[in-house]
Number of protein chains: 2
Amino acid sequence: MGKGQGVPGFGLPRPGEGKRGEEGYLGYLMRQAAGAYRNRCERDLKDLGITTAQFTVMTMIAAYPGHSGADLARIALLTPQTVSVIIANLEKSGLVSRSPHAVHGRIQQLDLTDAGRDRLAAARKKIHALDGALRHSLSKEDEQVVRRWLVAVAIDHGEGAN
Amino acid sequence: MGKGQGVPGFGLPRPGEGKRGEEGYLGYLMRQAAGAYRNRCERDLKDLGITTAQFTVMTMIAAYPGHSGADLARIALLTPQTVSVIIANLEKSGLVSRSPHAVHGRIQQLDLTDAGRDRLAAARKKIHALDGALRHSLSKEDEQVVRRWLVAVAIDHGEGAN
DNA sequence: GATAACATATCAGAGGTCTGATAATATGGG
DNA sequence: CCCATATTATCAGACCTCTGATATGTTATC
């Protein structure tokens, strides 16, 4: 006795087992899945020297040129402070440049540098490949179900909803 | 002229629109949904003075008593260092106690204090209510599709999979 | 029993993320 | 024109999360 309980690594469920399987709480399963996916992205991006957050912000800058950091924060569901930190790190790495805005004295013009554009293109390849893996267990119909659900969750948990 | 481009807040998509809608990348949609849900949990837990990470670890301690911090890290898909930080903060708040382990000199016995148990019970109510909201747009069949997908994602993106 | 291999816990440092506070700029109403 | 309000950017502080390094304890091998 004195064993079987208090012994490390004994009887622990792995992902997909017990409370960690299909009977678990949806919120828990989402946290688990999002965490696993995020870690995976982070690992794949590591050789490029950028993080997933930096990838997101670079993508935003490319997609919505001329917008303020506050705008980027809104569409990324982040706070302006967070975006500010990320941009500071991107500038330190020479991937993004900040310059005075032409028509607005307070906001700053954000642009990818040449190095930033190259890095983004390389990162995109990797992330898009991962997107395929995300889809591989889904039929066409089930994929639509999942997409609709993800969008619904984002919409009615965003801001002060409910 | 000089307007319509470079003017803040103009023509930005909201969640569910454009690239942020059902045609977007699955990974992006998941990041968006998980972020919104996480923010929502954080806000609901705020009056209890705990974070979602602390809620997760307290739940683990209650569910797998007698296990090491390293074990908790494994089942939570976190690193031992992260769990160590969270437990340190929980101890500082008087919600968790650390004591020498009975049969193993290196690991430490983790227990919820009375205050910790009360706090966990209250937090559980709130989080479980949110789980209902997560499900409300899904039929029974679609919920199973989503659950299977989330588990599959967690399994084949965990560790060094692929 | 001594040693090698492994597990546990923690420190240090980086980056991401939040809340709260502060400073500077725009914009609109008197 | 002046001031109130809103927006933008940033600083400070807290917590979460990772990687890498270190110290200590356990287990297996010889």
Side-chain angles (χ1 to χ4, degrees), chain A residues 3 6-10 12 31 34-36 38-47 49-57 66-74 76-93 95 98-101 103-110, chain B residues 3 6-10 31 34-36 38-47 49-57 66-74 76-93 95 98-101 103-110 159:
Chain A
K3 290 238 165 233
V7 174
F10 181 83
L12 290 174
R31 178 186 173 81
R38 186 183 195 285
N39 283 347
R40 178 55 188 275
C41 289
E42 214 77 61
R43 240 177 25 229
D44 277 27
L45 252 27
K46 201 183 168 189
D47 14 314
I50 61 175
T51 65
T52 58
Q54 291 170 345
F55 171 71
T56 299
V57 169
H67 284 285
S68 65
D71 280 338
L72 300 187
R74 271 186 283 274
L77 294 182
L78 298 173
T79 60
Q81 293 94 322
T82 299
V83 171
S84 186
V85 170
I86 298 170
I87 290 177
N89 284 326
L90 282 171
E91 192 180 31
K92 214 188 309 174
S93 306
L95 300 175
R98 281 188 281 197
S99 42
H101 195 279
V103 305
H104 193 292
R106 189 70 180 128
I107 76 180
Q108 51 200 10
Q109 179 71 32
L110 299 170
Chain B
K3 291 232 164 242
V7 173
F10 182 83
R31 178 186 173 83
R38 187 184 196 284
N39 283 347
R40 178 55 188 275
C41 289
E42 214 76 62
R43 244 181 17 232
D44 277 28
L45 253 26
K46 202 184 168 189
D47 14 314
I50 61 174
T51 66
T52 59
Q54 291 170 346
F55 171 71
T56 300
V57 169
H67 283 286
S68 66
D71 280 337
L72 300 187
R74 271 186 285 273
L77 295 181
L78 298 172
T79 60
Q81 293 93 322
T82 299
V83 171
S84 186
V85 169
I86 297 171
I87 289 177
N89 285 325
L90 282 172
E91 192 179 31
K92 214 188 307 172
S93 307
L95 300 174
R98 281 189 280 199
S99 43
H101 195 280
V103 305
H104 192 293
R106 189 70 180 127
I107 76 179
Q108 51 200 12
Q109 179 70 35
L110 300 171
E159 320 186 13

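Note that these values count all heavy atoms, side chains included, but never hydrogens, waters or copies made by symmetry. Throughout, a chain's letter reflects where its sequence line sits, starting with A, and its residues are numbered from 1.
- Of the side-chain N and O atoms in B:Ser84, one or more sit less than 4.0 angstrom from OP1 or OP2 of C:dT10.
- Side-chain nitrogen and oxygen atoms of A:Asn89 include none within less than 4.0 Å of the OP1 or OP2 phosphate oxygen of C:dA14.
- A:Ser84 places no side-chain N or O within 3.5 Å of a backbone atom of A:Pro80 that could act as its donor or acceptor partner.
- The base of C:dG16 is not paired with the side chain of A:Gln54 by any donor and acceptor separated by under 3.5 Å.
- Between B:Ile107 and B:Asp71, every side-chain heavy-atom pair lies at or beyond the 4.5 Å cut-off.
- Side-chain to base pairing of A:Gln81 with C:dG20: one donor and one acceptor N or O lie within less than 3.5 Å of each other.
- For D:dT10, the OP1/OP2 oxygens have a side-chain nitrogen or oxygen of A:Arg98 closer than 4.0 Å.
- Under 4.0 angstrom from either OP1 or OP2 of D:dC18 there lies at least one side-chain N or O belonging to B:Thr82.
- Atom P of nucleotide C:dT17 and atom CZ of B:Arg40 are separated by 21 Å, given to the nearest angstrom.
- The separation between B:Glu42 atom CD and C:dT17 atom C1' is 9 Å, rounded to whole Å.
- Of the side-chain N and O atoms in A:Thr52, none sit less than 4.0 angstrom from OP1 or OP2 of C:dG16.
- At the phosphate of D:dC16, OP1 or OP2 sits under 4.0 Å from a side-chain N or O atom of B:Thr51.
- B:Arg38 is listed as a side-chain neighbour of B:Glu42, based on a closest heavy-atom distance under 4.5 Å.
- At a cut-off of 3.5 angstrom, the base of D:dT24 holds at least one donor-acceptor pair with the side chain of B:Arg106.
- Remark: A:Arg38 is not in phosphate contact with C:dG15, judged by side-chain N or O atoms under 4.0 Å from OP1 or OP2.
- A sub-4.0 Å separation between OP1 or OP2 of D:dA14 and a side-chain N or O of B:Lys92 is absent.
- Note on A:Arg74: a side-chain N or O is less than 4.0 Å away from OP1 or OP2 of D:dT8.
- The shortest distance between the side-chain N/O atoms of A:Lys46 and the OP1/OP2 oxygens of C:dA14 is not below 4.0 Å.
- Between B:Thr56 and B:Ile86, the closest side-chain pair of non-hydrogen atoms is not below 4.5 Å.
- In this structure, the side chains of A:Gln54 and A:Leu45 stay at 4.5 Å or more apart for every pair of heavy atoms.
- Rounding to the nearest 0.5 Å gives a distance of 10.5 Å between OG of B:Ser68 and CD of B:Gln109.
- Taking both residues in full, the closest heavy atoms of B:Val57 and B:Ile87 are given as CG1-CG1, 4.0 Å, listed atom of the first, atom of the second, then distance.
- At least one side-chain nitrogen or oxygen of A:Arg31 sits closer than 4.0 Å to the OP1 or OP2 atom of D:dT17.
- Under 4.0 angstrom from either OP1 or OP2 of D:dC18 there lies at least one side-chain N or O belonging to B:Thr79.
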When you compare the protein's N or O atoms with those of nucleotides 1-3 of chain D, which come within less than 3.5 Å of each other, and at what distance?
none

